[in-house]
Protein chains: 2
Amino acid sequence: MARLNYHHLYYFWRVAKQGNLTATASQLALSQSALSAQISQLEHTIGQPLFNRVGRSLVLTELGRTVLNYAEDIYQRGEELQQLLSQGTPTVPSLKIGVLSSMSRNFVDAFIKPLTQGLDVHFQLIARPQSELEQLLAHHQLDVILTNRELASGDDVGWQSQLLARQALSVIAPSRLAHLPAEVDASYQQQRWVVPGAASPLRAAFEFFCTQHQLRPEIIAEADDMAMLRLLARDSGALAVMPAVVVRDELQSGLLVKRFDLPNAFENFYAVTLTRKYQHPRLAELLQASYFGTLR
Amino acid sequence: MARLNYHHLYYFWRVAKQGNLTATASQLALSQSALSAQISQLEHTIGQPLFNRVGRSLVLTELGRTVLNYAEDIYQRGEELQQLLSQGTPTVPSLKIGVLSSMSRNFVDAFIKPLTQGLDVHFQLIARPQSELEQLLAHHQLDVILTNRELASGDDVGWQSQLLARQALSVIAPSRLAHLPAEVDASYQQQRWVVPGAASPLRAAFEFFCTQHQLRPEIIAEADDMAMLRLLARDSGALAVMPAVVVRDELQSGLLVKRFDLPNAFENFYAVTLTRKYQHPRLAELLQASYFGTLR
DNA sequence: TTATTCGTTCGCTAAAATAGAACGATAGGT
DNA sequence: ACCTATCGTTCTATTTTAGCGAACGAATAA
């Protein structure tokens with residue numbers, strides 16, 4: 001193969017990211033024809049197509065996706081360099097953190113604490129459902145995602161999960177029910193409950209617990225979103241099931257009280273990153289800080 | 001600034017790495033003049049010189065070094081892509097490990113053990129004196145260096161040290177002296193010794209120990225190199241001062257015997273990496289494995 | 001069906017990269 | 001001190017590459 005033409009590759013990068021040749025051409029102040037020709041040339045030197053021409057649109061081939069991954073690393077770094085050269089300041093790019101919508105904001109807050117203290121890094125928090133997060137990560141739109149679901153690790157998969165923390169699942173009571181005992185007895189039968197949504201593994205753990213103790217809870221509300229669950233726990237006057245970190249502030253103020261932990265029921269928090277991506281310089285520190293933080 | 005020309009940058013990369021325009025030109029099958037012109041153009045678009053023309057040679061400016069760091073990331077990844085495209089296999093580049101010449105090979109062996117077990121990564125061991133290692137690392141010729149000297153950490157410095165292990169400094173005796181007591185007494189006064197070289201911090205620790213115990217050792221040999229020290233310990237019949245790991249095999253076979261550790265004298269082993277370098281995919285695992293290994 | 005959008009192909013032109021020769025500066029040898 | 005080989009720069013002519021615009025075809029929307 002002839003030597004790779006980095007300008008061809010650059011055009012490919014822009015087009016592949018955008019998924020649209022015409023729009024990219026105008027962004028680059030370039031004619032369609034020029035762009036089309038340059039990309040065909042790249043495909044010619046490689047010897048294989050990078051796009052499938054399906055209908056009147058361009059769809060990446062398998063190889064195209066692979067090449068895009070490399071191009072992403074290459075030109076992301078290149079853009080950084082250009083910014084450095086034009087501004088004179090070594091710009092640390094914004095750290096993009098994807099967060100599962102339903103996760104506890106308190107946990108996220110704890111995770112990003114090192115960033116808010118040292119003010120030298122911009123970061124973006126992007127809350128999305130799991131599937132979208134995975135897509136964004138795969139497309140290099142995110143540096144890391146925080147989620148409670150472990151993803152398959154391994155070199156071939158392309159991403160790796162790291163367990164950051166695990167939180168016991170607790171039974172939280174409003175202060176007027178603070179007298180309830182620290183283990184299940186008959187007094188819990190009369191109570192109304194607020195619990196995680198049916199899809200959640202936390203809910204499954206709670207159901208199992210109920211079966212074991214022959215508890216027949218009157219469930220008055222359920223929610224996937226931890227922020228929502230927190231509000232429900234605070235305002236409903238009912239018992240609630242959730243990791244204690246979710247209502248950290250309310251526990252501290254005495255508005256809510258933790259009665260006990262469910263045995264062997266945990267919510268796990270994972271950080272998922274791409275294995276072969278250029279790592280954001282602050283991310284490693286963040287992950288490590290978080291790791292040591294949980295051990296303390 | 002006009003858009004960065006990646007071909008100019010590529011040429012810059014090659015020249016800066018080589019440090020010689022003429023040689024690079026012939027490698028690229030290009031005339032000197034062309035290469036010279038392209039690099040001046042790059043400097044022109046940037047607006048500042050990347051090289052100082054000192055005498056008849058090119059020396060990187062401060063800015064040049066910075067740009068080289070970026071270029072290294074960019075084109076190293078580009079080369080990987082080219083290899084992938086021409087060979088069809090996603091080549092994991094060889095992991096280059098710099099080792100301080102005088103370090104114990106047993107320690108290095110333990111560090112690279114994960115690599116020798118999984119056979120999927122090529123690696124190179126490069127033994128050099130400290131100053132050369134630092135240079136090679138700074139020039140991206142190495143992924144990591146293993147040394148017993150800590151280097152200043154910090155973002156501005158550009159590299160970071162990680163403590164991998166610490167080894168007590170021991171007094172090693174040949175089996176015929178196995179009867180010597182496990183603490184210093186008069187019987188140690190009559191002995192001949194083999195010790196680390198005068199430049200070493202280990203030697204300093206030993207000297208301090210001698211002063212404390214009013215020991216006046218008869219030093220028959222000294223050596224910087226741990227491998228050499230090992231041979232001396234084995235063959236001289238004298239007492240020796242070194243970390244026990246150096247003569248691990250001889251201790252196991254009973255050929256040598258450890259008498260005692262010097263109090264508060266340690267050899268530290270550090271892994272030093274560049275902070276802003278694209279990290280070799282296997283390096284993180286290696287460092288982590290080593291870290292957990294030492295805790296066990 | 002007709003108009004519109006999107007990508008490709010084909011000449012032609014403009015821009016760029018490159019070779020070669022001439023030059024200046026420097027380091028090394030005698 | 002003088003020659004000589006080495007290294008990088010500058011200038012001009014030439015080749016190579018990139019890019020524009022128009023024409024085209026195929027797919028989608030109205």
Side-chain angles (χ1 to χ4, degrees), chain A residues 1-61 63-65 67-68 71 75 78 82, chain B residues 1-61 63-65 67-68 71 75 78 82:
Chain A
M1 194 186 78
R3 193 193 297 162
L4 187 66
N5 185 316
Y6 282 94
H7 292 155
H8 294 169
L9 187 65
Y10 178 79
Y11 289 150
F12 165 77
W13 177 57
R14 298 290 300 254
V15 173
K17 271 210 313 186
Q18 177 112 9
N20 177 319
L21 191 141
T22 309
T24 308
S26 75
Q27 280 173 23
L28 292 170
L30 214 70
S31 69
Q32 275 186 43
S33 60
L35 200 50
S36 175
Q38 299 287 302
I39 285 178
S40 325
Q41 280 199 46
L42 178 60
E43 289 179 318
H44 182 255
T45 59
I46 288 177
Q48 294 178 67
L50 297 170
F51 291 107
N52 286 322
R53 277 70 177 176
V54 39
R56 60 184 182 196
S57 66
L58 298 173
V59 180
L60 283 170
T61 61
L63 180 64
R65 274 193 292 279
V67 174
L68 178 58
Y75 295 106
Q82 290 189 63
Chain B
M1 196 189 76
R3 192 192 297 160
L4 187 65
N5 185 315
Y6 283 94
H7 292 156
H8 293 168
L9 188 64
Y10 178 79
Y11 289 150
F12 165 76
W13 176 56
R14 297 290 300 255
V15 173
K17 270 211 311 184
Q18 177 110 14
N20 177 319
L21 191 140
T22 308
T24 308
S26 75
Q27 279 173 24
L28 293 170
L30 212 71
S31 67
Q32 273 187 45
S33 61
L35 200 50
S36 175
Q38 297 289 81
I39 284 177
S40 330
Q41 279 199 48
L42 178 60
E43 290 179 317
H44 183 253
T45 60
I46 287 178
Q48 294 176 68
L50 298 170
F51 290 107
N52 286 321
R53 277 69 178 174
V54 39
R56 60 185 180 192
S57 66
L58 298 173
V59 180
L60 283 170
T61 61
L63 180 64
R65 273 193 293 278
V67 173
L68 177 58
Y75 295 106
Q82 289 189 63

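Numbers restart at 1 for each chain; the letters A, B, ... are given by sequence-line order, proteins then strands.
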* Given side-chain contact (heavy atoms from CB on, under 4.5 Å), test A:L35 with A:V15 step by step and report yes or no. => CA-CA 9 Å; A:L35 200 50; A:V15 173; 3.8 Å; yes
* Asked: Centroid-to-centroid, A:Y6 to B:Y75, below 6.0 Å?
  ->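 A:Y6 vs B:Y75: aromatic centres under 6.0 Å.
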Please give, in whole Å, the distance from [N] [atom2] to [X] [atom1]?
X	N	atom1	atom2	result
B:Y6	C:dA17	OH	C1'	20 Å
B:L50	D:dG8	CG	C1'	16 Å
B:R56	D:dG8	CZ	P	9 Å
A:Q32	D:dG21	CD	P	12 Å
B:L30	D:dT15	CG	P	17 Å
B:N5	D:dA18	CG	C1'	12 Å
B:L35	C:dT18	CG	C1'	11 Å
A:H44	C:dT9	NE2	C1'	15 Å

Indicate whether OP1 or OP2 belonging to [N] is found under 4.0 Å from a side-chain N or O atom of [X].
X	N	result
A:S40	C:dT8	no
B:R53	C:dA25	no
B:N20	D:dG8	yes
B:T22	D:dT6	no

* Pick out which of B:T24, B:L21, B:L28, B:N5 makes a side chain to side chain contact (heavy atoms under 4.5 Å, CB included) with B:Y11. =>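 Option passing the side chain to side chain contact (heavy atoms under 4.5 Å, CB included) with B:Y11: B:L28.
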With heavy atoms under 4.0 Å as the rule, sort [X] into base, sugar-phosphate or nothing.
X	result
B:S33	base
B:A29	sugar-phosphate
A:Y11	sugar-phosphate

* **From A:Q27 atom CD to A:R14 atom CZ, the distance as rounded to the nearest 0.5 Å** =>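 Those atoms lie 5.5 Å apart.
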* **Closest to the A:S31 side chain, choosing from D:dG19, D:dG8, C:dG7** =>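 Nearest to the side chain of A:S31 among the choices is D:dG19.
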* To do: Assign each of A:S57 and A:H7 to its nearest nucleotide of DNA chain C by heavy atoms, then name whichever residue's nucleotide is nearer the 5' end.
  =>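 It is A:S57, whose closest nucleotide lies nearer the 5' terminus.
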* Do A:L58 and A:N20 pass the side-chain contact (heavy atoms from CB on, under 4.5 Å) test, and can you show the C-alpha distance, the side-chain angles, and the key distance before you say yes or no? -> CA-CA 7 Å; A:L58 298 173; A:N20 177 319; over 6 Å; no
